[in-house]
Chemist: 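Let me give you the structure first, and then I'll get to my questions.
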Amino acid sequence: MDNREVARILNAMADMLEIKGDNPFRIRAYRRAAQNIEGLAEDVESLIARETLEEIPGIGKDLAAKIHEIATTGTFQEYEKLKAQVPSGVVELLTIPGVGPKTAQLFYKRKGIDSVARLEAAARAGELRGLPGIKAKTEENILRGIEMLKRASGRMPLGLALPLAQEITTRLRQVKGVTRIECAGSVRRMKETVGDIDILAVSAAPGKVMDAFIALPLVREVLAHGETKSSVMTRQGIQVDVLVVDPKAFGAAWLYFTGSKAHNIHLRDMAKKKGLKISEYGVFAERTGKRIAGKEEEEIYGTLGLPYIAPELREDTGEIEAALTGQLPDLITADDIRGDLHVHSTWSDGAHTIKEVVEAARRRGYRYIAITDHSKGLGIVRGLAAEDLTRQREEIDRLNQGLRDFRILAGIEVNIRADGTLDLPDGVLAKLDCVIASVHSAFRQDQQTMTERIVRAVGNPHVHVLGHPTGRLLGEREPYDLDFDRLLEAARANGVAMEINASPYRLDLNDAHARLAKEAGVPLVINTDTHTLAEFDHIHLGVATARRAWIEKKDVLNTLPLKQLLKRLAR
DNA sequence: GCCGTTTTCGGCCCGACTGTTTTCAGTCG
């Protein structure tokens with residue numbers, strides 16, 4: 001059973017409990033459990049096998065039993081019982097922005113509305129007004145919410161949201177009176193997908209910022225327009241909130257709007273136990289109401305006896321505990337990257353010559369790159385055969401002779417065939433500086449076949465790196481069905497590194513898998529898989545993923561100086 | 001339903017915005 005399916009059922013349970021008006025803390029417990037299960041890199045099945053479910057924060061005896069039941073039967077009794085009472089269409093009403101459990105329950109109880117379609121019809125016909133608290137305006141809002149729902153495209157990949165957020169901050173920074181503007185939310189935490197964009201500003205004239213914001217050309221619809229807080233829907237289909245805050249409280253607001261929610265709740269809980277209260281306005285002494293901190297995030301962590309915690313870590317997955325004991329990782333930064341080990345050129349499907357990509361890499365301050373074009377077996381691109389590699393090697397040698405303080409490594413991205421053998425003979429691979437092995441075909445093999453296939457490839461003595469190890473494409477293709485633990489074991493045993501592929505459509509390994517790889521002692525490389533020069537910039541997305549995985553400079557091979565890297569690759 | 005260097009029972013984060021109110025409930029983040 002897929003972790004996401006377990007999480008879906010727990011969330012659905014929470015939805016139904018909400019509609020029924022059940023204990024809010026019980027509902028929160030289900031949601032927290034769902035979230036933590038979803039963020040797990042490991043399958044719940046294996047946790048059940050090891051009887052370690054209850055080690056997940058927020059999962060106690062009861063929930064562990066229910067999760068066990070879900071994993072074995074696909075559902076659990078209490079959930080089925082509740083499903084008979086609350087029609088799924090009523091639960092679906094909750095997906096409409098502005099419609100919560102109370103409203104959904106009201107419509108169902110009083111009007112028998114049990115689907116979005118029926119609600120839409122009722123709102124159009126003006127049949128909702130007259131219900132307690134409902135008038136024409138609410139009907140309008142419901143219709144608007146349904147429209148938004150129809151257009152909603154779900155979460156946006158970070159690679160798209162980040163430039164959008166940067167564009168908005170850049171434009172608002174020019175508004176008169178703005179002295180500071182920063183991105184918050186999951187964009188700042190560099191989560192791989194983003195539900196909305198949160199931006200925080202300091203300004204002497206908040207009204208001007210609000211007006212400028214809602215007038216931006218990328219705004220499709222204004223959802224809220226207050227004195228200091230406004231929300232819009234953009235043409236790209238993502239919601240953006242902008243907030244103007246008091247400079248004295250900027251740190252508190254930034255912390256609050258950066259989240260994650262779970263991180264904030266944990267901090268507030270800690271504060272409460274110290275007789276403090278944290279809100280987006282600062283840290284206050286509970287008894288006197290006096291403000292103790294608020295200007296900078298560091299101060300706020302300080303009041304709790306904590307060092308600063310990087311946004312990428314703020315998921316309540318152990319970072320607060322680590323901070324308390326001085327065990328926070330010294331996270332890798334983009335400046336630590338000395339070269340890119342996964343680069344395509346015109347020799348296969350890249351858009352630029354080796355000379356051109358080398359120049360671009362040097363402009364970035366890199367000291368080396370590996371040219372890793374595709375091997376020939378890959379039907380969809382012009383892959384290289386052994387004799388092509390010989391000629392390519394000659395070109396690389398020639399270019400290297402003219403370079404100082406920079407080295408082009410001769411490499412290949414060799415296909416892992418369906419049976420786990422590689423596309424090129426060992427004798428050819430042996431001559432190369434950097435061999436990346438990747439799966440590009442037969443994605444749907446069953447778990448055992450796929451695992452054995454990749455383990456076999458990793459066992460080839462000439463392979464240095466496993467490229468985009470799980471094969472997922474964000475929002476497009478599921479990861480391969482893979483026993484990741486076994487793969488990590490094989491990688492460690494053979495000294496093969498795992499790639500964090502920084503392509504915005506891949507981010508593979510993802511944060512959770514990369515963290516497991518680190519914990520298993522498997523080295524990592526962060527590569528862009530560049531096909532066009534602009535893609536070199538994606539390295540920051542890969543570094544962000546690594547940071548979310550608690551990865552340090554020493555965990556990543558392409559932070560090494562050239563000599564040490566070559567030594568490491570030569571093994 | 002979880003959880004415990006203030007508790008194994010009684011707590012559980014905090015505030016803005018909206019639309020409906022005439023003091024507030026619901027929703028959202």
Side-chain angles (χ1 to χ4, degrees), chain A residues 10 13-14 17-19 21-36 53-67 76 78 93-107 128-142 144-145 148 184-186 194-200 206 210 222-231 239-245 249 252-253 255-284 286 300 304-305 316 324:
Chain A
L10 294 176
M13 180 74 184
L17 289 171
E18 271 200 307
I19 290 169
D22 205 294
N23 175 0
F25 300 106
R26 185 174 176 226
I27 294 161
R28 189 201 286 170
Y30 274 98
R31 295 216 189 278
R32 180 159 184 237
Q35 201 186 342
N36 287 341
L53 262 185
E54 286 185 53
E55 285 173 20
I56 300 171
I59 293 181
K61 202 159 163 272
D62 285 20
L63 274 170
K66 280 164 188 162
I67 291 162
F76 64 102
E78 223 183 315
L93 298 181
L94 299 180
T95 59
I96 303 168
V99 176
K102 296 287 188 289
T103 320
Q105 169 79 322
L106 177 74
F107 292 155
L128 301 176
R129 58 192 74 175
L131 289 172
I134 309 284
K135 288 167 105 176
K137 184 84 181 185
T138 306
E139 284 177 343
E140 274 173 43
N141 284 345
I142 284 170
R144 220 174 51 172
M148 270 173 61
S186 48
V194 168
D196 64 3
I197 294 173
D198 299 293
I199 290 166
L200 235 60
M210 295 292 104
V222 178
L223 304 174
H225 182 195
E227 276 295 294
T228 59
K229 185 174 179 178
S230 296
S231 297
Q239 185 175 326
V240 183
D241 302 337
V242 172
L243 211 90
V244 177
V245 303
L255 181 71
Y256 169 71
F257 282 99
T258 297
S260 67
K261 193 170 183 172
H263 180 85
N264 286 347
I265 288 176
H266 196 152
L267 292 183
R268 287 173 184 211
D269 188 46
M270 281 175 70
K272 199 160 183 147
K273 285 172 180 151
K274 286 179 182 284
L276 301 172
K277 186 188 73 168
I278 299 181
S279 77
E280 65 221 72
Y281 299 103
V283 182
F284 301 88
E286 209 151 36
I300 297 164
L304 300 176
D316 197 23
L324 275 170

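Proteins come first, then strands; the chains are lettered A, B, ... in the order of their sequence lines, and each starts at number 1.
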Chemist: Within the 4.0 Å heavy-atom criterion, would you say A:P101 contacts the bases, only the backbone, or no part of the nucleic acid?
Modeler: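 If one applies the 4.0 Å heavy-atom cut-off, A:P101 turns out to touch the sugar-phosphate alone, with no base involved.
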Chemist: With a non-hydrogen cut-off below 4.0 angstrom, is A:E78 in contact with a base, only sugar-phosphate, or nothing?
Modeler: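 Sugar-phosphate only.
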Chemist: When you measure from the side chain of A:E139 to the backbone of A:R129, do you find a donor-acceptor pair of N or O atoms at a distance under 3.5 Å?
Modeler: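 Yes, A:E139 side chain to A:R129 backbone: donor-acceptor pair under 3.5 Å.
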Chemist: So, applying side-chain contact (heavy atoms from CB on, under 4.5 Å) with A:M13, which one of A:K66, A:E78, A:R31 is it?
Modeler: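 When side-chain contact (heavy atoms from CB on, under 4.5 Å) is applied between A:M13 and each of A:K66, A:E78, A:R31, only A:E78 qualifies.
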Chemist: With rounding to whole Å, what would you report as the distance between B:dT6 and B:dG1 at their C1' atoms?
Modeler: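 Rounded to whole Å, the distance is 23 Å.
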Chemist: In chain order, what residues pass the ring pair (Phe, Tyr, Trp, His ring centres under 6.0 Å) check against A:F76, with sequence neighbours excluded?
Modeler: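 If we apply the ring pair (Phe, Tyr, Trp, His ring centres under 6.0 Å) test to A:F76, skipping adjacent residues, the hits are A:Y79.
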Chemist: Sub-3.5 Å donor-acceptor pair from the side chain of A:E280 to the main-chain atoms of A:F257, do we have one?
Modeler: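 No; zero donor-acceptor contacts below 3.5 Å.
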Chemist: Base, sugar-phosphate alone, or nothing: which one does A:P97 contact when heavy atoms must sit under 4.0 Å apart?
Modeler: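 Sugar-phosphate only.
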Chemist: Taking only the P atom of each, what is the distance from B:dC3 to B:dC13 in whole angstrom?
Modeler: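 Their P atoms lie roughly 14 Å apart.
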Chemist: Taking the nucleotide of DNA chain B with the nearest heavy atom to each, does A:D196 or A:R268 sit closer to the 5' end?
Modeler: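 The answer here is A:R268.
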Chemist: Applying the Watson-Crick and G-U wobble criteria at under 3.5 Å, what pairs with B:dG10? Answer none if nothing qualifies.
Modeler: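 Base-paired to B:dC3.
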Chemist: Taking syn as any angle within 90 degrees of 0 and anti as the rest, which one fits B:dT5?
Modeler: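 Here the answer is anti: the torsion falls beyond 90° from 0.
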Chemist: Measuring only the P atom in each nucleotide, how far is B:dT23 from B:dG29? A whole number of Å is fine.
Modeler: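 Taking atom P in both B:dT23 and B:dG29, they lie 29 Å apart.
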Chemist: Is any side-chain heavy atom of A:E227 closer than 4.5 Å to a side-chain heavy atom of A:M210?
Modeler: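 With C-beta onward as the side chain, the pair stays apart.
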Chemist: Using a 4.0 Å heavy-atom cut-off, does A:H225 contact any base of the nucleic acid, only the sugar-phosphate backbone, or nothing at all?
Modeler: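 Sugar-phosphate contact only - A:H225 comes under 4.0 Å of backbone atoms but never of a base.
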Chemist: Give a yes or no answer on whether the side chain of A:N36 reaches the backbone of A:P57 with a donor-acceptor pair at less than 3.5 Å.
Modeler: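 Yes; judged by distance alone, with no hydrogens or angles, the pair exists.
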Chemist: Would you mind classifying the nucleic acid contact of A:T228 as base, sugar-phosphate or nothing, using non-hydrogen atoms under 4.0 angstrom?
Modeler: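 The answer is sugar-phosphate, as A:T228 gets under 4.0 Å only of primed atoms, P, OP1 or OP2.
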Chemist: Contact class for A:N264 (heavy atom, under 4.0 Å): base, sugar-phosphate, or nothing?
Modeler: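 If one applies the 4.0 Å heavy-atom cut-off, A:N264 turns out to touch nothing in the nucleic acid.
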Chemist: Quick check: closest heavy atoms across A:L63 and A:A33, and the distance to 0.1 Å?
Modeler: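 Between these two residues, the closest heavy atoms are CD1-CB, 3.8 Å.
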Chemist: Look at all strands and tell whether A:R32 reaches a base, only sugar-phosphate, or nothing, counting heavy atoms closer than 4.0 Å.
Modeler: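 Nothing: the residue A:R32, judged by heavy atoms under 4.0 Å, touches no strand.
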Chemist: Within the structure shown, what part of the strands sits under 4.0 Å from A:F257 by heavy-atom distance: base, sugar-phosphate, or nothing?
Modeler: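 Touches nothing.
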Chemist: Quick one: how far along DNA chain B does chain A reach, first to last nucleotide 5' to 3', anything under 4.0 Å to a heavy atom?
Modeler: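 First and last nucleotides in contact are B:dG1 to B:dG29.
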Chemist: Using a 4.0 Å heavy-atom cut-off across all strands, classify A:I278 as base, sugar-phosphate, or nothing.
Modeler: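 A:I278: backbone/sugar contact only, no base atoms under 4.0 Å.
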Chemist: Select base, sugar-phosphate, or nothing to describe what A:G226 touches, counting heavy atoms under 4.0 Å on all strands.
Modeler: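 A:G226: no heavy atom of the nucleic acid under 4.0 Å.
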Chemist: Please give the distance between the C1' atoms of B:dT8 and B:dT20 as a whole number of Å.
Modeler: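 These two C1' atoms come out 44 Å apart once rounded.
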Chemist: If you assign each of A:R26 and A:K277 to its closest nucleotide in DNA chain B, which residue comes earlier from the 5' end?
Modeler: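 By nearest-heavy-atom nucleotide position, the 5'-most residue is A:R26.
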Chemist: What interatomic distance, in whole Å, is found between C1' of B:dC2 and the corresponding atom of B:dT7?
Modeler: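 Approximately 14 Å lies between the C1' atom of B:dT7 and that of B:dC2.
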Chemist: When we call it a touch if two heavy atoms are under 4.0 Å apart, what does A:I96 touch: a base, just sugar-phosphate, or nothing?
Modeler: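 Since only primed, P, OP1 and OP2 atoms lie under 4.0 Å of A:I96, the category is sugar-phosphate.
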Chemist: Would you mind telling me which of A:V99, A:L131, A:L128 makes a side-chain contact (heavy atoms from CB on, under 4.5 Å) with A:L106?
Modeler: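 Answer after filtering A:V99, A:L131, A:L128: A:L131.
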Chemist: Name the nucleic acid region contacted by A:K261, choosing base, sugar-phosphate or nothing; use a 4.0 angstrom heavy-atom cut-off, strictly under.
Modeler: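 Result for A:K261 = base.
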Chemist: Pick the P atom in B:dT21 and in B:dG15, then give their distance to the nearest Å.
Modeler: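 Between the two P atoms, the distance is 27 Å.
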Chemist: What is the nucleic acid contact for A:N141, judged by heavy atoms within less than 4.0 Å: base, sugar-phosphate only, or nothing?
Modeler: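 The answer is sugar-phosphate, as A:N141 gets under 4.0 Å only of primed atoms, P, OP1 or OP2.
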